[in-house]
Q: 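For reference, the structure I am asking about is given below.
To find a chain, count down the sequence lines: A is the first, B the second, and so on, and within it residues start at 1.
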Amino acid sequence: MARSEEAAAWTYAVYNAVREVPYGKVTSYGHIARLLGKPECPRQVGVSLKALISATAQPDAHYNSSNVPWQRVINSKGAISPRGVNGARQQAAAIEAEGVQVTRGSLGEYLIDFTSYGWFPDRLPSDLSEDDEDDNDEE
DNA sequence: TCTTTGACGACTG
DNA sequence: CCAGTCGCCAAAG
């Protein structure tokens, strides 16, 4: 498959995986990458989420900022990635709205306690269903 | 067309 | 604990 198609497939896979993060829970870019079988590409997860279309621009898009819980993905340090004061603040507000406690670091970072809110399953719930077949080959 | 820059993260010194 | 390196690769300059 062509590179562009692979890129698109990866992006959709990221969106689908993020959709499985439960309400009120958070996970990391790296964990999403690991769940998708590409542990070396946490950065590409960020690239995909960055490309997520805003719900305001396209309310009916199959994937947009309102039907993909992008706010539940933070970095491995348990902090909302800086990227721009506005963006981080916006994400903090969105995740707090789900009841997740967000604290401020000494440098103004938004921190979330993985012990209380982390979601790090070994496999995606949607993949577990395929697992009840007797023989299947993983990816 | 080539170079830089990131919503990252594991590893090294 | 902090800083630098590397893998990855789509966008932006």
Side-chain angles (χ1 to χ4, degrees):
Chain A
M1 107 166 92
R3 267 198 302 282
S4 59
E5 295 175 45
E6 276 187 83
W10 163 261
T11 295
Y12 296 141
V14 168
Y15 295 158
N16 287 326
V18 172
R19 279 179 169 169
E20 300 195 42
V21 180
Y23 180 95
K25 293 287 181 180
V26 296
T27 191
S28 69
Y29 299 93
H31 193 71
I32 293 294
R34 197 172 76 81
L35 290 175
L36 296 179
K38 296 247 178 191
E40 305 301 318
C41 304
R43 195 161 204 155
Q44 301 317 113
V45 172
V47 169
S48 295
L49 289 184
K50 179 177 54 183
L52 187 61
I53 189 73
S54 79
T56 309
Q58 291 183 32
D60 303 318
H62 194 86
Y63 295 105
N64 65 30
S65 62
S66 75
N67 58 37
V68 176
W70 56 277
Q71 69 275 23
R72 295 176 199 155
V73 185
I74 64 179
N75 65 34
S76 67
K77 303 190 206 70
I80 292 177
S81 294
R83 80 205 196 244
V85 195
N86 307 325
R89 197 181 66 191
Q90 189 179 158
Q91 181 170 1
I95 197 62
E96 277 186 316
E98 300 191 355
V100 173
Q101 181 175 41
V102 178
T103 58
R104 305 305 294 281
S106 55
L107 303 176
E109 330 114 62
Y110 294 91
L111 303 172
I112 294 173
D113 179 20
F114 279 144
T115 307
S116 306
Y117 306 103
W119 184 78
F120 300 98
D122 291 337
R123 324 184 45 167
L124 286 171
S126 59
D127 284 343
L128 293 177
S129 56
E130 306 173 15
D131 212 20
D132 53 61
E133 302 296 328
D134 42 358
D135 86 7
N136 63 3
D137 54 296
E138 9 267 59
E139 175 23 51

Q: Go through the structure and list residues passing side chain to side chain donor-acceptor pair (under 3.5 Å) with N64(A), not counting sequence neighbours.
A: S66(A), N67(A)
Q: Applying side-chain contact (heavy atoms from CB on, under 4.5 Å), name anything that partners Y12(A), two or more places apart in sequence or on another chain.
A: A8(A), Y15(A), Y63(A)
Q: In residues 104-117 of chain A, which residues come under 4.0 Å of DNA chain B by heavy atom?
A: none
Q: Write out a two-atom table: protein N or O, nucleotide N or O from nucleotides 3-5 of chain C, distance below 3.5 Å.
A:
none

Q: Is a donor on one side and an acceptor on the other found under 3.5 Å between the side chain of Q58(A) and the backbone of I53(A)?
A: no
Q: Between the protein and nucleotides 5-8 of chain B, list the N/O to N/O atom pairs that are separated by less than 3.5 angstrom.
A:
| residue | atom | partner | partner atom | Å |
| --- | --- | --- | --- | --- |
| dG6(B) | N9 | R43(A) | NH2 | 2.8 |
| dG6(B) | N7 | R43(A) | NH2 | 2.7 |
| dA7(B) | N7 | G46(A) | O | 3.2 |
| dA7(B) | N7 | K50(A) | N | 2.6 |
| dA7(B) | N6 | L49(A) | O | 2.9 |
| dA7(B) | N1 | R83(A) | NH2 | 2.9 |
| dA7(B) | N3 | Y29(A) | OH | 3.4 |
| dA7(B) | N3 | R83(A) | NE | 3.3 |
| dA7(B) | N3 | R83(A) | NH1 | 2.8 |
| dA7(B) | N3 | R83(A) | NH2 | 3.2 |
| dC8(B) | OP1 | S81(A) | OG | 3.3 |
| dC8(B) | N4 | R43(A) | NH1 | 2.5 |

Q: List for me each residue that meets side chain to side chain donor-acceptor pair (under 3.5 Å) alongside S116(A), sequence neighbours excluded, and say none if there are none.
A: D113(A)
Q: What pairs with E40(A) under salt bridge (Lys or Arg N to Asp or Glu O under 4.0 Å), at least two apart in sequence or on another chain?
A: none
Q: Q44(A): what forms a side chain to side chain donor-acceptor pair (under 3.5 Å) with it, not counting sequence neighbours?
A: none
Q: When the C1' atoms of dC2(C) and dA7(B) are considered, how many whole Å apart are they?
A: 23 Å
Q: Which pairs, with at least one residue in residues 44-65 of chain A and sequence neighbours excluded, count as a salt bridge (Lys or Arg N to Asp or Glu O under 4.0 Å)?
A: none
Q: Name each donor-acceptor pair under 3.5 Å that joins a side chain in residues 69-83 of chain A to protein atoms two or more places apart or in another chain, with its distance.
A:
| residue | atom | partner | partner atom | Å |
| --- | --- | --- | --- | --- |
| W70(A) | NE1 | S65(A) | O | 3.1 |
| Q71(A) | NE2 | E98(A) | OE2 | 2.9 |
| R72(A) | NE | E98(A) | OE1 | 2.9 |
| R72(A) | NE | E98(A) | OE2 | 3.1 |
| R72(A) | NH1 | V21(A) | O | 2.8 |
| R72(A) | NH2 | E98(A) | OE2 | 2.9 |
| N75(A) | OD1 | K77(A) | N | 3.0 |
| N75(A) | OD1 | G78(A) | N | 3.4 |
| N75(A) | OD1 | A79(A) | N | 3.1 |
| N75(A) | ND2 | A79(A) | O | 3.2 |
| N75(A) | ND2 | S81(A) | OG | 3.4 |
| R83(A) | NH1 | Q91(A) | OE1 | 2.8 |
| R83(A) | NH2 | Q91(A) | OE1 | 3.4 |

Q: On a whole-Å scale, what distance lies between the P atoms belonging to dT4(B) and dT5(C)?
A: 14 Å
Q: Residues in side chain to side chain donor-acceptor pair (under 3.5 Å) with S48(A), at least two apart?
A: W10(A), T11(A)
Q: Tell me the ring pair (Phe, Tyr, Trp, His ring centres under 6.0 Å) pairs involving residues 73-102 of chain A, sequence neighbours left out?
A: none
